[in-house]
2 protein chains.
Amino acid sequence: MNTLAEENYLKSIFHLSDAEESVSTNQLATLLNTKASSVTDMLKKLADKALINYTPYQGVRLTLTGEKIALNIIRKHRLWEYFLVEKLNFKWDQVHEMAEEMEHISSNELINRLDKFMGYPKFDPHGDPIPDMNGQINQHDLKLLSAIEVNDSGIICGVKNHTPNFLQYLEKQSLTIGKTIIVIEIFPFDQSMVLQTENKEVHISSEVANNLLISL
Amino acid sequence: MNTLAEENYLKSIFHLSDAEESVSTNQLATLLNTKASSVTDMLKKLADKALINYTPYQGVRLTLTGEKIALNIIRKHRLWEYFLVEKLNFKWDQVHEMAEEMEHISSNELINRLDKFMGYPKFDPHGDPIPDMNGQINQHDLKLLSAIEVNDSGIICGVKNHTPNFLQYLEKQSLTIGKTIIVIEIFPFDQSMVLQTENKEVHISSEVANNLLISL
DNA sequence: TAAAAAATTTAGATAAATCTAAAAATTAAT
DNA sequence: ATTAATTTTTAGATTTATCTAAATTTTTTA
Ligand SMILES: [Mn+2]
Ligand SMILES: [Mn+2]
Ligand SMILES: [Mn+2]
Ligand SMILES: [Mn+2]
């Protein structure tokens, strides 16, 4: 149906999209590790296929069809990540690259059966919601840890940064999905924070606080 | 490491190889649904990479490195087929095309964990042996049903033809892996056969007998 | 064993996805 | 409101895997 390159562009456009602004050529070039000229070429092709709305120099938005396809790829990515962690016992920092390949396995029948096999999980190992077969996402609203106050408490429900380094750091500090934390102190100098976790106090940088998603 | 096209060529060369003769350009073109000239181009590339021994006009053989790679792809193919049938409840005639995609997922760590997860199966849903992580195959020697005599009995252990049509036919006749059969009669006119299966007599064509592998 | 047939390779093109360098358009700054 | 900086697009190449048509080599047949 669509090539591997096209699928990766659609997924990236989806991830860069927000309600207000359209996605720029350079944003895509950065995320996809490619050159702006290559992006322009691909945008023309995706526009020809009616998967994006593209006005030269004005960036792009996904069409409804394009969004459906993007959500299906993300569904596959997250279900495979869940499989790798829950069934094959990989750590949460090991699965992203494998899922980048597996998300392109084409069969929807396969992914729907995998979904059933695992009991229809709602979130992937990084706390990201898994779209259902109709593209519906169970979106709960989360706050960045850096946006909450001293004495507030909450549950870690997601990460913004998915790099193995960050995930390994969190694992080591027991700052993993589902853990409850309380903000004990915020140092105004560098916005670093002291957290009370289930068994100990942890001092984290603002960089870390900026990449942890909390449900209050 | 190797491209998808390269992997498919290596696998095809492996499947077409036998002890005596080398594999010809045309054999590969037929199996891969491509043109002889395309095959020649690829053979040069694989020879440059030292994955095959190629003498123009004389066909090819895999090098030891090439064979290792081919066996690893076949291992992945068969383990994924086993997964699809045993864990996701697909029928044996539904899994081949999906496995054609999945065999190219690169991680060996993944495939080794999948192997463990499933309890180190020795044969895929079609009775084909699954190479272990060192490329060792548990080869038991099977005979074509068409090569055995009246009153001989045996167990169905494999199929030579893997098309959905053939597999669906076998399913319907209860001629599936593990079933015991006895040859009741062979008609000299067309080499068709009457078999005694566990619950009934079945009359099969020589075409069918030519594609069923039996252990005596 | 020479001609005919078949198999294989070479030459030259094409489509997809990428690149560099240059041109054009947009945005920001004086 | 010009000029300067930034962003984006166009033009022209490159790489990979294909293809068709023609040339070459091998094999078969008479
Ligand atoms: Mn991921
Ligand atoms: Mn994830
Ligand atoms: Mn198969
Ligand atoms: Mn099989």
Side-chain angles (χ1 to χ4, degrees), chain A residues 1-18 20-62 66 69-70 73 100-101 103-104 106, chain B residues 1-18 20-62 66 69-70 73 100-101 103-104 106:
Chain A
M1 194 64 196
N2 303 296
T3 67
L4 189 131
E6 287 166 356
E7 289 196 345
N8 284 333
Y9 271 85
L10 291 174
K11 189 180 51 147
S12 296
I13 295 166
F14 182 92
H15 284 313
L16 291 171
S17 291
D18 62 57
E20 308 100 50
E21 299 203 55
S22 59
V23 177
S24 76
T25 303
N26 263 359
Q27 280 180 291
L28 281 165
T30 304
L31 185 59
L32 287 162
N33 250 297
T34 186
K35 297 297 146 82
S37 55
S38 306
V39 174
T40 301
D41 285 346
M42 182 58 89
L43 295 184
K44 286 180 193 162
K45 200 191 322 180
L46 293 174
D48 283 348
K49 289 184 139 194
L51 302 178
I52 59 173
N53 292 312
Y54 169 53
T55 323
Y57 296 101
Q58 303 306 139
V60 290
R61 315 207 62 111
L62 291 172
I69 295 168
I73 299 162
E100 287 288 304
E101 292 182 54
E103 71 191 7
H104 302 289
S106 59
Chain B
M1 194 62 196
N2 303 295
T3 67
L4 189 132
E6 287 166 356
E7 290 196 345
N8 284 333
Y9 272 86
L10 292 173
K11 189 179 53 146
S12 295
I13 295 166
F14 183 93
H15 284 312
L16 291 170
S17 291
D18 61 56
E20 308 99 50
E21 299 202 55
S22 58
V23 176
S24 76
T25 302
N26 263 0
Q27 281 179 292
L28 281 164
T30 303
L31 185 59
L32 287 161
N33 250 297
T34 186
K35 297 297 145 83
S37 55
S38 307
V39 174
T40 301
D41 285 345
M42 182 58 90
L43 295 183
K44 286 180 193 163
K45 200 190 323 178
L46 292 174
D48 283 347
K49 289 182 140 194
L51 303 178
I52 59 174
N53 292 313
Y54 169 53
T55 323
Y57 296 100
Q58 303 306 140
V60 290
R61 315 208 61 112
L62 291 171
I69 295 168
I73 299 162
E100 287 287 304
E101 292 181 53
E103 71 191 6
H104 302 289
S106 59

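Each chain gets a letter, A, B and so on, in the order its sequence line appears, and its residues count up from 1. In what follows, every heavy atom counts, from backbone to side chain, and hydrogens, waters and symmetry copies are set aside.
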Distance check, rounded to the nearest 0.5 Å: F14(B) atom CZ versus I52(B) atom CD1?
15.5 Å
Whole-Å distance between [N] [atom2] and [X] [atom1]?
X      : N       : atom1 : atom2 : result
Q58(A) : dT6(D)  : CD    : C1'   : 14 Å
Q27(A) : dT8(D)  : CD    : C1'   : 13 Å
E6(A)  : dT18(C) : CD    : P     : 10 Å
N26(B) : dT28(D) : CG    : P     : 13 Å
K35(A) : dT9(D)  : NZ    : P     : 17 Å
Y57(B) : dA5(C)  : OH    : C1'   : 15 Å
D41(A) : dT10(D) : CG    : P     : 9 Å
N8(A)  : dT18(C) : CG    : C1'   : 14 Å

Any side-chain N or O of T34(A) less than 4.0 Å from the OP1 or OP2 oxygen of dC19(C)?
yes
Does a side-chain N or O of S38(B) approach OP1 or OP2 of dC19(D) to a distance below 4.0 Å, or not?
yes
Tell me whether K11(B) is salt-bridged to E6(B), with the criterion being a basic N under 4.0 Å from an acidic carboxylate O.
no
The nucleotide from dT8(D), dT18(C), dA21(D) with an atom nearest the side chain of S37(B) is dA21(D)
Residue T40(B), side-chain atoms from C-beta onward, closest of dT9(C), dT18(C), dT10(D)
dT9(C)
If I compare all heavy atoms of I13(B) with all of V23(B), which pair ends up nearest, and what's the gap?
O-CG2, 3.8 Å
Would you call N2(A) and Y9(A) a side-chain contact if the rule is heavy atoms closer than 4.5 Å?
no
Do the side chain of T25(A) and the base of dT9(D) come within less than 3.5 angstrom through a donor-acceptor pair of N or O atoms?
no
